[in-house]
Peer 1: 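Pasting a structure here, questions to come.
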Amino acid sequence: LKFVCVSNDGVDDHMIWLIGLKNIFARQLPNMPKEYIVRLVMDRNHKSVMVIRRNLVVGGITYRPYGSQKFGEIAFCAITADEQVKGYGTRLMNHLKQHARDVDGLTHFLTYADNNAVGYFVKQGFTKEIYLEKERWQGYIKDYDGGILMECKMDPKLPYTD
Ligand code: ACO
């Protein structure tokens, strides 16, 4: 089992994993247009943190780091159907936080959570209160109805993974 963070860089393995992740998102997020999922997963401004087991994608999170604003926007998050509620979603989020803080230099995440995923995000430390100053994110993330804007502030020092 491994956790990787990749973007569309033309490396064979990375492309195969990104396509696998795109297929998981398409199935797990049926309200999202498939073309929109493909576009963001393959967009070079986005990165994807994935769980890989026996060279197959179990799930992942696609996000866009805004380096100058020091926050990231989570676009999609899903674990494949038969592997949900086994702890992968939590471990994935911890790897995302570690990478975003230590590699991208981010302090916060924002996401539009689906109603049925709010419980998962709350368990990952997200709140419905947005403490991040509006000037830092307004105009960067697109408004999207059908979801609830949630925020997570990363601890500056805590080791999120072992
Ligand atoms: N609602 C409430 N609690 C949840 C949910 C949920 N939908 N999913 C998981 N949890 C809880 C678990 O019970 C667990 O609680 P515990 O620590 O007290 O035992 C905790 O959250 C973490 O569970 P994991 O096993 O780590 O979560 P999992 O591996 O299933 O991943 C995820 C969670 C990503 C939400 C997964 O269930 C999934 O893919 N769901 C379908 C797609 C989806 O809804 N994605 C999010 C959409 S919003 C967005 O993409 C921005």
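Here, residue 1 is the first one in the sequence, and each next residue gets the next number. Read the numbers this way: they start at 1 and go in the same order the structure lists the ligands and their atoms.
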Peer 1: Do His95 and Phe3 make the cut of ring centroids closer than 6.0 angstrom?
Peer 2: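 They qualify: ring centres under 6.0 Å apart.
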
Peer 1: Please determine whether a side-chain nitrogen of the Lys or Arg among Lys142 and Glu73 lies less than 4.0 Å from a carboxylate oxygen of the Asp or Glu.
Peer 2: yes

Peer 1: Quick one: are Leu1 and Ile52 in side-chain contact, heavy atoms under 4.5 Å?
Peer 2: no

Peer 1: Are Phe109 and Tyr63 close enough that their ring centres sit under 6.0 Å apart?
Peer 2: yes

Peer 1: If only atom types and distance count, is the side chain of Glu151 paired as donor or acceptor with the main-chain N or O of Tyr131 below 3.5 Å?
Peer 2: yes

Peer 1: Which atom pairs, donor and acceptor, lie under 3.5 Å between side-chain atoms of residues 9-17 and protein residues at least two apart or in another chain?
Peer 2:
| from | atom 1 | to | atom 2 | distance (Å) |
| --- | --- | --- | --- | --- |
| Asp9 | OD1 | Val11 | N | 3.1 |
| Asp9 | OD1 | His14 | ND1 | 3.0 |
| Asp9 | OD2 | His14 | ND1 | 2.9 |
| Trp17 | NE1 | Asn55 | OD1 | 3.3 |

Peer 1: In order of chain and number, which residues sit within 4.0 Å of ligand 1 by heavy atom?
Peer 2: Gln28, Leu29, Ala75, Phe76, Cys77, Ala78, Ile79, Gln84, Val85, Lys86, Gly87, Tyr88, Gly89, Thr90, Thr111, Tyr112, Asp114, Asn116, Ala117, Gly119, Tyr120, Phe121, Lys123, Gln124

